[in-house]
Structure formats: C-alpha cells, structure tokens
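Below: one structure, written as structure tokens.
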Amino acid sequence: MHKITFFQLGNADTTRIDLANGRKILVDYAATRSGDAFDKRADLPALLRSDLAAAKRDYYDVAAFTHHDKDHTIGAGEFFHLEHAGKYQGNGRIKIRTLWVSAATIIESRDDLRDDAKLIQAEARHRLIKGEGIRVFSRPQPLKDWLEARGVKFEDRKHLITDAGQLAPEFSLIGDGLEIFIHSPFVSTLNDSGVLVRNDEALVFQARFKVGSQITDALMMADVKYDVIENIVEITKDHRNENRLKWDIMGISHHSSYLSLSAEKGKDKTTPTDLVRELLEKHGQQRSVLVSTSDPIPSRDSDQPPHRQAAAYYRDVANIHGGRYIVTMEYPNKTDPKPLVIHIDENGHTVENPPSASGTSAATETRPPRAG
Amino acid sequence: MFLDAPGRPTSEAQLRSRLALQSIKHLKAGGNPGITCLEVRRASGQDILVLDVMAEVPSCPVHPILPVERIALCFDRADERMPRALALRQDFPEVPHLNLEDTDLPRSLCLYEMPFDDLRHHLTGAQVLHRLQQWLALSSMGKLHQQDQPLEPLLGYTPDYVILNPSRYRPGLNTLEFAIYQDGLGRSVLLPSSTHRDSTTFRVISIVVETDPVEHGVIRHLPKNLEDLARLLSSGGIDLINDLRRHLGQTPPEYHDHRLMLICLLNRKRSPSSAAEYPDIRAFLTEPTIAAVGEDLGIWAVRDGVVQSTLDPSRTGGSTTVKTLNPLPTLTPDGAAEMNGFKKASPLPILAVGAGALGSQVILNAARAGFGHWTVVDEDLLLPHNLARHALGGGEIGFSKANSLAEWVNRMFDGEKIVTAIYANVLRPSSTQQSILEKAYREAQLILDMSASVSVARHIAHRVTGNARKAALFLNPSGRDLILLAENPQKTLSIDQLEMLYYQWLLDEIELADHIAGAEKMRYGLGCRDVSITLRQDFVALHAAIGASAIMTLAASENVQVSLWRLEPASMTIRRFDLFPEAMEVHRYGEWTLHLSAQVKRQLLELREQALPNETGGTLVGAYDQQSKSVYVTSAVPSPGDSEEYPNSYIRGSAGLRKRYKEISELTAGMLQYIGEWHSHPQGVGVLPSSLDRKLFDWLTMNMASDGLPPLMIIVGEADLGVYLNRLN
C-alpha cells in the first residue's frame, strides 16, 4: 500500500509520498506553524521526524522543491542536512538522497530570494557541480551557460537533467510501483499549433501508482497559472500522451487561486478556460479527490487565495466525478484540522479517516498532565 | 436522493438512550471527526441520530458505497435492543450483512453478528459510531464477510426446527410421521414421532427440491405461502408450482389427509464466479393438508365432497400458508466426532466390562466424540445411590445399567446401535449369555476392563482368549488416581503381567507410596456396590474425561501403556506418571507358569557381582494366581544383615525381613508378597542346585506346602538364572 499525506499548513505545501517498498518522497517543505498554541497548522518538522523515526530512517529518497517561493521552502534550512556547508549538518538534520529542483532554481539570480530558498539554491548548485545527489528538470540554454561558466561540461551533467515529457529515472513501476512523469518546466518552444510556449519555472508532475493491476494517478500542480496549465494540456496532447493528464488525485495549483483556472475570477464561480476545463472535467476519474492545500475557503471575496469562486468550481468538478474537494485546513473540520492521508492499493485510492479517539486509547497515546 | 429518517425532530434533552447520549457527547468532544450529526429525532421507543458518516471507502470499491453516507442510527430508548443503522441514501446498494426488515428500504445495516445481550455490557456510543465506519469501509471492499467465514443464510431467521434423519431419507416422495413439540415461548420443534411417544402426531409427504446456486449475502424474507416460495425458488431455477402439480397430481387419495413438506437445498456460492458451497437447507410445511393444497394449485376441485381433477392455472398456491422450519439432521457418530474436532468417527469394536461410575462416564464421553462401537457387560441394576456418580439419570432407576446406558447413547444417534448391552455377570454367565459373550470377545479389538474387580481382571487375563488387545482402567480407593494398563497389539506383555509390574511400581516409585496403601481390599468396593463408599463425583468425572481421552489415544498407538494420573485435590491439578515396562521371561513348570521381570533378573545379577567372591542371597517378591497357576516374580530383597556369606555357601539371615514384607504388603494392598528364596553361585560353578541347595529346597517345599503354594528357588549364575519351581528337575 502506498500513501500520500497532505499536511495542513495554511496556504503552503508539503506532501509526503510513502511507497509500499519503504521509499519516501517529500514534495516541498513549508514549516509555517508559528509558536502560537492556537495555530491550527501542522507542526511539520515534528510530524515528519516521528514518521522517519518510526521507519528507522534519517533521510528522504527524494526531496523535491517544485519552486522556491516561501510557501514551499520555509524552514527547509533548519530541517535538512545540507552538504554545501558544515553549519547545516548533523544535529539530527534529515538527509536527502536526491534533491529535485527545476532548472530555474539553479540559474535564477533574483535578489528577493528568502534565506531558505537561497540555501536550497546553494545546495542544488553545489550538488550539480559535484555531479551527484541531484536531478534538475528541464535544460534551457541558460543552464548550459551556467555550467560552462563554472568550467563544468554540460555533457558530463546531462544524466542529471530530465526534460518535460520524460519519466524521472529515480522511480519505476516495476521496482517501486511508481513512475513520475514530468509535465513542467518545459523548454520554450513553438508547439505544433505554432504557438510560442513560455518557459515556466515550477515542477509539475504526474505520479502514477500501480498496485496489482490497479493504476492510480496523482497530478501535482504546484503553483502554476491557467496559461501554464493550458500549455501542459496542449503539449501533452500534441505528444499523444493524453493518459499522462489522467488524475485520480489532484494537488490543486496555488491554494485554489482563480488564476489557476482563468484570468477572470467570476462573480460566484470562476469559469475555467477550455483547456483547464478539459484537464479537470475530462481527465479526472471517478471518485477523484481534489486537494486544496490552503486556508479554509472564505465566505467573502478575498484578494489572496483561496478564492471562494475557484472553490465553487472545484466543488462542481468533484460532483461531476462523484468525488471530493478537500481543503487541508478544513479537514476533517476547521476547528481541528488533521493531515490528509490517502492510501493507494488494489482498490484504488482511499481517503483515510482522521483518527477517532476513544477516551481509553487517547489516554494511552498521550502524556497525561502532571499529578500533584 | 435521501429517504426520510424515522420519527420527528426533537432536542438532545429529550434523548434517553445511554448509547445515543454517549454518541452525541463523543461527537461534540471531537472524538470522531469523520462523523457529523445533522439531526436528532425521536420515534416511539427510539432515539435517532441522523449522521453523515465518512468511511474509508476506496475509489474502486467492490460495492458502490460512497465515502460519505447518510445514516439514521436508531437507538432503543431503554438500550434493550441492538441499535439499528438505516442507510438513508435511496440507492444504497444491496450488500451482504443487511438486516432483514419488513420493507427493503431504507436498508438496515447488520453492524454486529453477536447477540446484543453479549454486547450491551461493554458497548459504548463511540464504539457503535466507529463500527459504523468500519462496516461501510469493509462492505465497500467486499471484505466484511471474510473468506473463512461461513456463508450467509439465504433466508431470514426462523425459530422452528424439524429434526430429520438423512440416512432414513429416500430421494423423491417420502411419507414421514412427526410429533410436534411447542415450548411455550413461540418455538416449535418437529420430531420423528418415534422419539416422542406422548405427543400428538401427524403425517406428511415430503419432497426434496434442490436449487441452482445463488450468490449469498442478501438475506431474503421468509415465504408466507406457496406462491411466495415459488417466487423465491424461481431464482434458483425451480418451477415449483408446475413441479408440485405434477407430483401431487399422481399422489393417491389416501395421502390427501397428509400435509406437504418441501425440503429445499438452497445452494449458495460466495461470489458470482465461485463454485457452490454447502446449501442453506430449509423445510417448508404447509398448514393445510394435501387435499386443500391441490385445490389451491388448481390440480383438483372438491365438489360436494368429491374430488374432481381439473387444471386451473390461475390457482398458484397463494392461499396455502407455509411455515419455514430449520431442518436439523439427527446426530451421527461422524457428526459427533466433527463437533469434537475429530475428522471422522472411529468404529473400533470395544468390549467394555463394567458400566459403573467410571465405566458409564467413560463410555458416554467416548461415544459423544464418535469413538467406538461398544458392547457393555454389566450385571448391576441402577440404584438410587448410584446416581451420585453414574452417567445415567433418575428415569433409569431399577433398570439394568448396561441396557439403560445402551439405550441412552443410542437415542443420541437416533437409534443407531453404538452401544450393545449384555446384561450378565461376566464371571458367571448363563449359557445363552456365554455364547453372546464369546461372540463379543471374538469380535472386539479392545477389551476394556472397567469393573474395578480383581476377579474380573484375572478372568479377562486368563480365561478370555482371542486377538483382542486388553486394557484395564480403574481408580485407586481414594479416587485421586486413575490407572490405565494396556497391552500393545503384539501382546509383548499381557494384561496380568502389567498388573503385577504396576504393583511393583508402587514399591519403586516413592511418590506413589500412598496410592493404595491402607486400603483393606484393593479395588473392591469401587464398583459402587457398597452403599457406604465415599468417592467424589468431580474426581470421577475428571478421571472419566482423562480415561476416555486415553482410550482414544491408545487406539491409535501400538505401545504398551502403564499410566497413572494423580489429582491434587487442593488445586485440582493433574500429574501423570508413566512406567515403561520391559517384557517378562515366561517359564513353564508342569501346570505352573512363572513370569520373571527383567528388573528382578538385572537386580539379582548385580547383587551377585557385588558379593563376589562370596555367595549372597535373599528373598523374592511377587504374586501367585492360584486359579491360573501363575507365579510372578517382580523383585528381590537383598541379603539381610545377619546372613552369612562364604565363597562356597550362604546362610540367609532374617533381620528386617518381616518389617520389609509388612511394608510391601501395605504399599501394594497385599497384592505382592514373599514368594521364595534366591542365592548366588561363585564363578565357574553354574546354576545347578548343589546338595546343600537340595536341602534348602526341601525346607522351602515344606514351608510353602502348608499354604498350598509351590516352592520357588532361584540360583544366580554369572550370566543366567537357575529358576526352580515346585520341583528341582
């Protein structure tokens, strides 16, 4: 049985994939919880550590950073063992066997990068130059320039680079019951329809799980806007890879922002563009689950996501498929959200019930108050 | 899309059911975030919670249950009944483990298989809610019914039984006679009329019907009339109405006052693709007689009391009410064996002597496990004081124990002859009894002496010939110890030899010192003939259980067995002792037979060795059986302290001998005694008696003759013994 866990972190992402064979993948890291006792967001490092301890591990097989915004990287510098500098090592820091980043993470020279994002960038650059423990997605010319400026031959690092439209070589259906198909970032190009496709930095992928003969697809959309989604749909169709658009589980893009559906928010419901609608309505499967890694859906209009209009549309999509739209900060309820665990087995995917506590089991699983 | 929940809305304050209140409290405390309570309702006698229940239902379920289902959980206000869970979704699927309700919708989930009385004392509201989620999740995956769990019945529960003996049942039409017994609690049992002589009886014609397999899981309503039944059977490929028209049309008029019983083998399978497993067997009895049934099926019409054949296809049995019965087969030995966890019954022919306290209980235990075809010999009548420890009951007082036990056991197997009684004294049978006994001895493979009588034991040992393996099972006088002596099939040791070695064991094994010590008469009195004997029934029952088990084990083993089970009354624990006896040497001296234990031979050779170069000697321990002219030598007493030992002679002293033999007599209840003398010869002399030895033998002969016993002298040589009984040559 495989497991996907979406952590409740507000408008931020961390998803863990636990494979039946014991391998673990962490997608993004956002330790958003403040010290506030009333903060309902997950205590991410504690949850991750206890899971690793139970599995007797101190590493992830893969840690992927879909892009390096704050809501996908915050706290990573305190949690991970980074090879590029001794001060980020030891003290129970968690190791990464293979770090996944998009090419943008290597070449970007933004000044506004936050500390954690900078550290991930430094680590990725260090590993790429060293030539191990890294996979970079897409290879625009600038990546080649970047390498050669540092005296590293592009040809010598080619095996560490995977293009959109390819499978990530770290996993296989036979060995792991998982293959990961890369949708984005993709190279700027003219598509078959003659449209110029803009390069985008975020890592979007389809994780295909296989248990027995049962296939379950999870589409992880990171933070991409509707036009990128349109490009993904179009390119994938052009390459006759439509089954790579299939999804049983979707990590909704950008915390249920309307901008991932259309340029227009709409009054009460966002109307998606045709290609976005195609992805959501045509390629979604029966009983599919849409996961919005976000704050609770507001009842009034808001500037920041999640947008109630987008949520209204996603709910429609869930109804079409006889599925569910689940907001991480609302699961199972707003007062006491819990990590969302979906397991995958020969019956497809199953949303696990949040633990129901009986008084006696609660008593044996928690530390009681001090007795006087 | 949702059905209405029962009752009308109410407030929590109106709830009375402990389970309902606990459930509400649990949900409010956030104890089960997967369940939302939408509404609280009340109906007569019920508190109802309308819930949205989130369950771990997969995306590709076996049964189309949804991840969130709306359920009305109906609690009995007094918590006297199982909570009912009604699925309110209109198209909730028909899945296994639904309760049979008066209407199909809403579907009622069968949450627990065990009776509510077994649950109510520990069940909490939180557990009911959790079970609800589990039920939905497992049902959706088709895993609620485990692969190793028996199939679900196809029809609902009925409290009524009919007891049938399948072996007396022939295919096609049968006429049977039944007695009906009603228990006053609304249940009735139909019994073969032979077993209940006092009840009113009626006759039926029965027909067996076997359907094609139907997938199990969905329990159907009991049919109310023949029309209902025909509808039910049609899914199994049976055209009941036309079959009945054909069958009954040919039934002679003298059967028209019978009632009709349809015995239906409703075949079932686990899934659409699997093979048929054992059927759900039900019997359906018509209320009216065949005459009326025929009319209701349009086979004939009765006009002015005259039956006229017609065919009225519009009459399809709607007026013929039927009662559903659970047919139960009578118990067979194989069935009994299976109920005891054995594969098959064992028909081993056993001749048991003695149907007393121990015997009756051992035989009953074994028969109940399907073990043995028994012939029981006993000459006693069952008397009131026997009931304190006998398997039989008050109804048998004054009757033969053997006959009554046979009847009692055979009645369990609907008259099958599992026990045959011989009401006779095994020692003094009449000439007819003698021939019956002779036949039983010949046919038995095991002769089991449970008579608690030495004379019977010796009779069986010496007078009963044939190939049967012999065994004895008895209690010691206090009832604490059970002893089993058993020959092996090759009879390397005979039952009488085993008895003697068992006595010797009591001398050798210090822990058994109190086994029979102090008993005035070994084993006598244990047959319950003595009204004054004290023996606890719980001890007898325990030992009868061990005894039956030991006999069953023995039948499968080829070993000689001498075992003793000792009960520690304070803690009621049992300890087992075993003796592993070696074969005895047998010598014949005219009419006398001498049995020499391997133990005494080894002992004598050793004693000689130790005394060399001097001679040594002592006395012998053993037993006589005057009737069979047998002498058993089981051990030797070493040279007394005041003996004189020389290289070529030996004079036995007598110091301590009297005390030792008194002890031997006490420890064995007089069964072992002084039986003769032994002495050793030095190297190279052999075991032939010297002139001194001849004088000694004369002295012995003189001494023993007064008691009518044969003199016994053993001379111990380097490797062998010279054994002289009665005469020196």
Side-chain angles (χ1 to χ4, degrees), chain A residues 1-4 8 40 209 211-218 246-250 284-290 318-319 321-326 330-363 365, chain B residues 1 19 21-38 51-71 73 89 91-93 95 122-144:
Chain A
M1 184 195 289
H2 310 299
K3 246 164 53 169
I4 307 183
Q8 76 284 17
K40 291 168 190 163
F209 299 90
V211 180
S213 59
Q214 181 75 40
I215 297 282
T216 301
D217 292 317
K246 269 180 60 195
W247 56 276
D248 297 282
I249 299 162
M250 176 181 277
Q285 306 296 304
Q286 269 296 306
R287 296 201 180 201
S288 52
V289 179
L290 297 108
N319 285 337
H321 301 310
R324 296 156 85 178
Y325 170 66
I326 297 175
E330 294 182 2
Y331 182 81
N333 49 52
K334 294 178 199 173
T335 41
D336 190 16
K338 295 272 191 284
L340 169 67
V341 182
I342 301 176
H343 69 240
I344 292 165
D345 58 19
E346 60 282 347
N347 286 113
H349 59 88
T350 304
V351 176
E352 290 191 0
N353 266 350
S356 66
S358 80
T360 44
S361 76
E365 280 164 20
Chain B
M1 136 168 221
L19 289 170
L21 288 166
Q22 283 179 341
S23 302
I24 288 277
K25 202 171 168 192
H26 182 64
L27 292 179
K28 281 197 164 166
N32 192 329
I35 297 181
T36 318
C37 182
L38 305 173
L51 308 169
D52 266 352
V53 181
M54 200 179 347
E56 294 184 351
V57 172
S59 56
C60 301
V62 174
H63 295 293
I65 288 173
L66 297 178
V68 179
E69 288 285 358
R70 184 154 301 172
I71 305 289
L73 200 50
R89 178 159 64 94
D91 49 354
F92 191 88
V95 294
H122 57 83
L123 195 66
T124 66
Q127 286 167 349
V128 176
L129 296 174
H130 187 250
R131 175 63 188 161
L132 193 52
Q133 289 172 310
Q134 206 182 23
W135 190 98
L136 290 167
L138 291 173
S139 287
S140 75
M141 291 182 278
K143 287 181 180 165
L144 190 56

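So that the names make sense, note that chain A is the first sequence line, chain B the second, and so on, each numbered from 1.
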Mind listing the closest non-hydrogen atom pair of [X] and [Y] along with its distance?
{"X": "A/N347", "Y": "B/V62", "value": "ND2-CG2, 4.3 Å"}
{"X": "B/P33", "Y": "A/P354", "value": "CG-CG, 3.6 Å"}
{"X": "A/R287", "Y": "B/I65", "value": "NH1-O, 2.6 Å"}
{"X": "A/E346", "Y": "B/K143", "value": "OE2-NZ, 4.1 Å"}
{"X": "A/V351", "Y": "B/E56", "value": "O-CG, 3.5 Å"}

>> Out of A/H343, A/R324, A/Q286, return the one with the most heavy atom pairs under 4.5 angstrom to chain B.
In response: A/R324

>> Taking side chain as everything from C-beta outward and backbone as N, CA, C, O, which of these in B/L129 sits under 4.5 Å from a heavy atom of chain A? Side chain, backbone, both or neither.
In response: neither

>> If I take atom CD1 from residue A/I342 and atom OG from residue B/S59, how far apart are they, to the nearest 0.5 angstrom?
In response: 9.5 Å

>> Please report the interatomic distance CG(A/N353) to CG(B/N32), rounded to the nearest 0.5 Å.
In response: 7.0 Å

> In terms of heavy-atom pairs under 4.5 Å with chain A, which of B/A29, B/S140, B/P67 leads?
Replying inline: B/P67

>> Among residues at least two apart in sequence or on other chains, which ones pass ring pair (Phe, Tyr, Trp, His ring centres under 6.0 Å) with A/Y331?
In response: none

